[in-house]
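Atoms considered below: every heavy atom in the structure, side chains included; atoms not considered: hydrogens, waters and symmetry mates.
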Amino acid sequence: MKRLLLIIAICFLLPNTFFAQNSGTENTFSKSYGYLNDFEKILTSSQISTLNNTLKASEKKTGHKIIVVTISSIKPYANVPEYAATLESYLYNNLKLNPTILLVLSKELRQIQIQSSHKGLNKLSQEETKTIISNFAIPEFKKGDFYKGLESAVNQIVKKLE
């Protein structure tokens, strides 16, 4: 009888351990996002400020929101495209943000993904995003200049959205 009471007491005291359902996105993603989110800490504060201003101005000019995120880890996701797609859904559903373009970069993983929302696909095709990445971002990343690579990619995206 004492064992049964002990088991019942444990079940009531530790319900989150036994019964909680966690989708994982709450722990994977930040609670807030701006235009530029340098979680990997690869940019200087002046670079962040300049690129943030560029992103704000582009939204005013084109009416399309671009969000840039740098990350060092994509766990528990298998690859950056899966991470970016889930992040886009999280931004839309949980934070009520609706970016037209989501650019995710991981210097550590050496991967980049440009994720377009439905309204972004009308302006920027997958082929165009591949061209922007290979012709504008990657050459600068190879030189070690991640700021210039991001700036070049953002400027090309803005040209396509105009």
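- Residue pairs meeting the ring-ring contact (aromatic ring centres under 6.0 Å, His included) criterion with at least one partner in residues 97-117, sequence neighbours excluded, do not occur; the list is empty.
- The distance from atom CG of N98 to atom NE2 of H64, rounded to the nearest 0.5 Å, is 11.0 Å.
- Between V68 and L105, the closest side-chain pair of non-hydrogen atoms is not below 4.5 Å.
- Within the 4.5 Å cutoff, the side chain of V154 has no heavy atoms near those of the I101 side chain.
- To the nearest 0.5 Å, atom CD1 of residue I66 and atom CG of residue L102 are 10.5 Å apart.
- Under the 4.5 Å side-chain criterion, counting only non-hydrogen atoms from C-beta, V80 is not in contact with I112.
- In the model, Y92 has no side-chain atom that pairs as donor or acceptor with a side-chain atom of E88 under 3.5 Å.
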Going through the distances and angles, do E59 and Y35 end up as a side-chain contact (heavy atoms from CB on, under 4.5 Å)?
CA-CA 10 Å; E59 182 179 19; Y35 290 96; 2.3 Å; yes
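- The backbone N or O of I67 lies less than 3.5 Å from no partner atom in the side chain of N37, so there is not a single donor-acceptor pair.
- Looking at heavy atoms from C-beta onward, S32 lies out of side-chain contact with L95 at the 4.5 angstrom threshold.
- Between the E40 side chain and the E108 main chain, a donor and an acceptor come within less than 3.5 Å of each other.
- Put simply, the side chain of S125 gets close to the backbone of E128: a donor and an acceptor are under 3.5 Å apart.
- The two residues Q113 and A84 have their closest heavy-atom pair at CG-CB, 3.7 Å.
- Using a 4.5 Å cut-off on side-chain heavy atoms (C-beta onward), F39 and S30 make contact.
- For the atom pair CG (L55) and NZ (K60), the distance works out to 12.5 Å, reported to the nearest 0.5 Å.
- With T54 contributing its side chain and T50 its backbone, the two residues share a donor-acceptor pair below 3.5 Å.
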Can you list, pair by pair, the side-chain donor-acceptor contacts under 3.5 Å of residues 129-142, counting residues two or more places apart and other chains?
{"unit_1": "T129", "atom_1": "OG1", "unit_2": "Q126", "atom_2": "O", "d": "2.7"}
{"unit_1": "T131", "atom_1": "OG1", "unit_2": "E127", "atom_2": "O", "d": "3.0"}
{"unit_1": "S134", "atom_1": "OG", "unit_2": "K130", "atom_2": "O", "d": "3.0"}
{"unit_1": "S134", "atom_1": "OG", "unit_2": "T131", "atom_2": "O", "d": "3.4"}

Check the pair V69, L103 against side-chain contact (heavy atoms from CB on, under 4.5 Å), reporting the backbone distance first and the verdict last.
CA-CA 6 Å; V69 179; L103 192 152; over 6 Å; no
side-chain contact (heavy atoms from CB on, under 4.5 Å) assessment of F29 paired with T86
CA-CA 10 Å; F29 303 124; T86 308; 3.9 Å; yes
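- The aromatic rings of Y77 and Y83 stand perpendicular to each other, their planes meeting at an angle above 60°, with 30° marking the opposite boundary.
- Between D38 atom CG and I71 atom CD1 the span is 11.5 Å, to the nearest 0.5 Å.
- Not a single donor-acceptor pair under 3.5 Å links the side chain of S58 to the backbone N or O of V158.
- At least one side-chain heavy atom of Y33 sits under 4.5 Å from a side-chain heavy atom of L87.
- Atom CG in L91 sits 9.5 Å away from atom CG in N93 (nearest 0.5 Å).
- Judged purely by atom type and a 3.5 angstrom limit, E151 has no side-chain atom pairing as donor or acceptor with the backbone of Y147.
- Listed by chain and residue number, S49 satisfy the side-chain contact (heavy atoms from CB on, under 4.5 Å) test with N53 (two or more places apart in sequence, or in another chain).
- Rounding to the nearest 0.5 Å gives a distance of 10.0 Å between CD of Q47 and CG of L36.
- Residues T70 and V104 fail the side-chain proximity criterion, which asks for heavy atoms closer than 4.5 Å.
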